[in-house]
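Chain letters run A, B, ... following the sequence lines, proteins first and then strands; every chain starts at 1. Because only heavy atoms are used, hydrogens play no part in the values below, and waters and symmetry mates are left out as well, while side chains stay in.
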4 protein chains.
Amino acid sequence: MVKSVDRIRRREDILGAAVRVFARKGFAASRVEDVAAEAGIAKGSVYLYFGSRDALLAGVFESYRARSDAVLATVGDGQALERLARLVGGVVDMLAAHRDHARVLLDVWASAPSLDMASVYRQYREAISELLRQARAEGELRPDVSEHHATLVVAAIEGCLLQWLADDRVPLTELAAPIIELTVEGIRA
Amino acid sequence: MVKSVDRIRRREDILGAAVRVFARKGFAASRVEDVAAEAGIAKGSVYLYFGSRDALLAGVFESYRARSDAVLATVGDGQALERLARLVGGVVDMLAAHRDHARVLLDVWASAPSLDMASVYRQYREAISELLRQARAEGELRPDVSEHHATLVVAAIEGCLLQWLADDRVPLTELAAPIIELTVEGIRA
Amino acid sequence: MVKSVDRIRRREDILGAAVRVFARKGFAASRVEDVAAEAGIAKGSVYLYFGSRDALLAGVFESYRARSDAVLATVGDGQALERLARLVGGVVDMLAAHRDHARVLLDVWASAPSLDMASVYRQYREAISELLRQARAEGELRPDVSEHHATLVVAAIEGCLLQWLADDRVPLTELAAPIIELTVEGIRA
Amino acid sequence: MVKSVDRIRRREDILGAAVRVFARKGFAASRVEDVAAEAGIAKGSVYLYFGSRDALLAGVFESYRARSDAVLATVGDGQALERLARLVGGVVDMLAAHRDHARVLLDVWASAPSLDMASVYRQYREAISELLRQARAEGELRPDVSEHHATLVVAAIEGCLLQWLADDRVPLTELAAPIIELTVEGIRA
DNA sequence: AATGAATGAGATTTCATTCAT
DNA sequence: AATGAATGAAATCTCATTCAT
């Protein structure tokens with residue numbers, strides 16, 4: 001039991017080190033040894049917890065998905081557009097709280113086609129589409145809202161994320177409100 | 001003279017090959033030899049036109065910037081919001097016409113911190129901010145439009161691009177209209 | 001005392017496991033951990049009984065030598081050629097009874113030049129030469145028998161062993177009789 | 001054409017170097033770099049001609065098979081037992097002329113189960129069995145010759161080879177005559 | 001005595017880059 | 001200018017061995 005916990009903890013430590021190193025240097029320029037050094041262990045020990053360098057990147061992606069799923073699961077209840085606003089705010093806050101993690105997703109994107117970033121976006125779009133459908137049923141939606149609106153909501157979030165990652169003077173947390181204003185409040189009937 | 005033209009042409013051929021190869025396999029998995037093969041020349045010949053493998057990526061980035069600058073330069077005249085709508089449409093069309101090129105920008109992002117994606121976004125934001133300022137002067141802008149709106153416009157474009165790159169069933173060209181509707185028409189006074 | 005016996009028993013268990021593992025996968029492809037697993041103990045425990053991985057191979061060789069010496073010591077008495085026939089039969093039976101063990105000798109040969117397979121063959125040749133000398137003294141030997149005959153007797157045994165190890169449809173035990181017929185009976189005066 | 005010849009020559013050079021290195025240190029202890037150094041080239045260049053370290057061993061085996069096949073193909077004509085004698089002599093001479101090569105076969109045996117030493121022995125046995133059948137048809141064979149005699153002939157050769165490899169004071173070439181005397185002349189009707 | 005996590009030396013292999021032809 | 005064989009630096013990964021528990 002104790003051993004198992006330790007093992008999980010150690011794995012998470014390594015993953016945390018990997019996130020920091022990958023965010024700092026990019027995955028392509030990061031060596032397994034860099035991750036080990038950041039985690040304070042020997043190179044070979046990384047392989048006791050992850051089968052390969054690529055598995056580290058996959059692990060980062062997994063842990064991002066877990067966080068992402070957690071956010072989607074907590075929009076609570078109330079009117080659909082309120083829930084949508086909470087969803088957008090929740091995702092932005094989650095990303096803002098984990099900049100390194102978010103940065104590494106770019107490497108997942110670029111270097112690991114097998115890690116399915118497409119499905120992450122799809123999942124967001126589906127959750128949002130469902131909320132828009134409910135809003136329409138509730139009569140809260142302006143009738144001229146595009147069928148592509150879910151894509152636009154995701155785009156607003158991810159596009160702001162991208163600009164923040166490129167330049168941290170872009171204030172991601174402050175952007176949550178305008179994103180919601182534009183993509184949620186702006187479509188109320 | 002003729003030789004010089006040939007040289008430029010050959011360089012562009014190689015760059016085109018690099019774009020296709022990088023888009024297909026990702027930069028990290030692309031070998032100089034792959035690019036040479038795609039261009040129909042020998043590996044060593046690539047080095048007659050580009051100093052290194054990284055220089056190929058830099059070349060792709062440069063040619064993207066050139067295209068991007070060209071689009072920004074052609075918003076024409078008329079009212080500010082009309083020009084903004086043309087800017088957005090122009091960028092989206094340009095990206096849609098060069099999917100491989102756009103895909104490679106992700107690798108630029110992830111693998112080449114020295115290639116300044118941040119400045120690309122900044123340039124877009126500045127052009128858009130200028131147009132918004134003019135629109136405000138023309139009295140065309142709703143007074144409550146956020147100071148962050150330029151960031152949101154860029155986000156909408158880049159966020160849609162990202163989703164289209166991840167999944168080509170996301171219809172980038174069709175998204176131009178809703179993007180404009182939301183981010184340009186939606187802010188008219 | 002008891003502990004000492006236990007220790008010896010445990011050492012032999014590990015050696016037996018090593019023989020099975022090495023025979024199955026070859027020494028080069030066998031890991032210390034494989035041997036430990038086969039013996040039902042932890043990897044580190046192997047080192048309580050053997051100083052190194054190579055020592056396991058040396059141990060296998062030692063135990064082969066012990067068996068081999070035992071066979072040479074039991075040719076009993078009687079006429080020299082009868083004792084030679086018993087020697088040949090005894091060696092073949094010993095090998096046939098310990099196929100894994102014999103298989104591992106190939107790895108000793110190939111991987112451990114310090115383990116002296118040459119001396120094993122030499123010892124056989126010397127024992128056989130001595131018997132041939134006695135047979136000659138007893139007038140039992142055809143006068144034209146080659147001075148190299150001892151080498152041929154060893155060759156017949158080892159050569160059959162080799163073929164049996166390569167392909168177990170070669171019937172080693174059945175070959176004992178023809179070997180004796182050819183190399184022992186065939187040289188009677 | 002010239003390039004092709006060079007390429008083949010270079011491949012053979014490397015293979016020759018591999019034979020020498022493997023014979024000297026054993027395959028297990030031989031590094032690709034050792035082979036490269038023996039061939040006077042850089043480590044990486046070995047990989048231009050052989051896909052892996054194991055491929056070097058496979059190459060050695062292949063070239064042994066080629067030599068072996070060549071010997072089997074040159075027993076000429078005449079009476080079956082004469083041809084058998086020539087076969088035996090030819091194989092022994094071939095082995096004696098290529099001690100390093102023969103030494104490496106032990107590593108093939110021990111380290112590369114996929115390289116089929118069993119088939120080499122089988123091929124020898126089949127060629128010899130065929131000659132024995134013909135000798136019987138020619139009435140040259142003693143009626144009591146064992147059905148296993150082909151195995152014994154192969155054993156005599158391989159067993160002498162083994163002893164010579166272990167100790168070069170065992171005179172392989174001198175042993176050809178006694179081997180033939182015992183295994184070929186000894187079975188004449 | 002037994003364990004098995006941790007170590008790190010060392011081997012294989014890749015591939016960007018060079019350069020003789 | 002073009003080639004592609006050769007190079008060797010560098011990275012991944014393995015696993016024998018150690019040692020704290």
Side-chain angles (χ1 to χ4, degrees), chain A residues 2-3 6-7 10-11 14 28-37 39-56, chain B residues 3 6-7 10-11 14 28-37 39-57, chain C residues 3 6-7 10-11 14 28-37 39-57, chain D residues 2-3 6-7 10-11 14 28-37 39-56:
Chain A
V2 169
K3 315 244 314 242
D6 284 357
R7 189 173 167 77
R10 174 56 65 100
R11 214 190 109 100
I14 295 171
S30 299
R31 309 293 137 231
V32 172
E33 185 145 31
D34 300 332
V35 174
I41 60 176
K43 182 176 37 158
S45 303
V46 172
Y47 288 91
L48 298 175
Y49 297 88
F50 293 89
S52 69
R53 177 173 171 269
D54 284 349
L56 283 169
Chain B
K3 313 256 306 255
D6 284 357
R7 187 172 166 79
R10 174 60 64 100
R11 213 190 109 99
I14 295 170
S30 298
R31 311 287 140 237
V32 171
E33 182 142 33
D34 299 331
V35 173
I41 61 174
K43 181 170 41 162
S45 302
V46 171
Y47 287 86
L48 300 174
Y49 297 90
F50 293 88
S52 71
R53 177 172 172 269
D54 284 348
L56 284 169
L57 193 59
Chain C
K3 312 252 312 248
D6 283 355
R7 187 173 167 80
R10 174 60 63 101
R11 213 189 110 98
I14 295 171
S30 298
R31 312 286 142 236
V32 171
E33 180 141 36
D34 299 331
V35 173
I41 60 175
K43 181 170 42 159
S45 302
V46 171
Y47 287 87
L48 299 173
Y49 297 89
F50 292 89
S52 71
R53 177 171 172 270
D54 284 349
L56 284 168
L57 192 59
Chain D
V2 168
K3 316 235 332 230
D6 284 357
R7 189 175 166 78
R10 173 58 63 102
R11 213 190 110 99
I14 296 171
S30 299
R31 311 290 139 231
V32 171
E33 184 145 31
D34 300 331
V35 173
I41 60 177
K43 186 176 31 157
S45 302
V46 172
Y47 288 89
L48 298 175
Y49 297 89
F50 294 89
S52 70
R53 176 171 172 272
D54 285 349
L56 283 169

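- Looking at the side chain of D:Arg31, the nearest of the listed nucleotides E:dT3, E:dA11, E:dA16 is E:dA11.
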| message | If a pair means Watson-Crick or G-U wobble with both distances below 3.5 Å, what does DNA chain F look like in dot-bracket form, with | marking bases paired to a different strand? | response | .||||||||||||||||||||
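- Within the 4.5 Å cutoff, side-chain heavy atoms of C:Arg10 are placed close to those of C:Ile41.
- When the nearest nucleotides of DNA chain F are assigned to A:Ser30 and D:Tyr49 by heavy-atom distance, the more 5′-ward of the two goes with D:Tyr49.
- Side chain of B:Arg10, nearest nucleotide from E:dT17, E:dA1, F:dA2: F:dA2.
- Checked against side-chain contact (heavy atoms from CB on, under 4.5 Å), D:Phe50 has the following partners two or more places apart in sequence or in another chain: D:Arg11, D:Ile14, D:Leu15, D:Ala55, D:Leu56.
- Contact annotation: A:Ser45 side-chain N/O to E:dT7 OP1/OP2 distance is under 4.0 Å.
- Closest to the C:Arg7 side chain, of the nucleotides F:dT3, E:dA1, E:dT7, is E:dA1.
- In this structure, the CG atom of D:Leu56 is 10 Å from the P atom of E:dT12, given to the nearest Å.
- For D:Lys43 and E:dT13, a side-chain-to-base donor-acceptor distance below 3.5 Å is present, hydrogens and geometry of angles not being considered.
- For A:Tyr47, counting side-chain heavy atoms from C-beta on, the closest listed nucleotide (F:dC13, E:dA6, E:dT12) is F:dC13.
- Between B:Gly44 and C:Val46, the residue whose closest nucleotide on DNA chain E is further toward the 5' end is C:Val46.
- No engagement by B:Phe50 is indicated, since no non-hydrogen atom pair under 4.0 Å with the nucleic acid exists.
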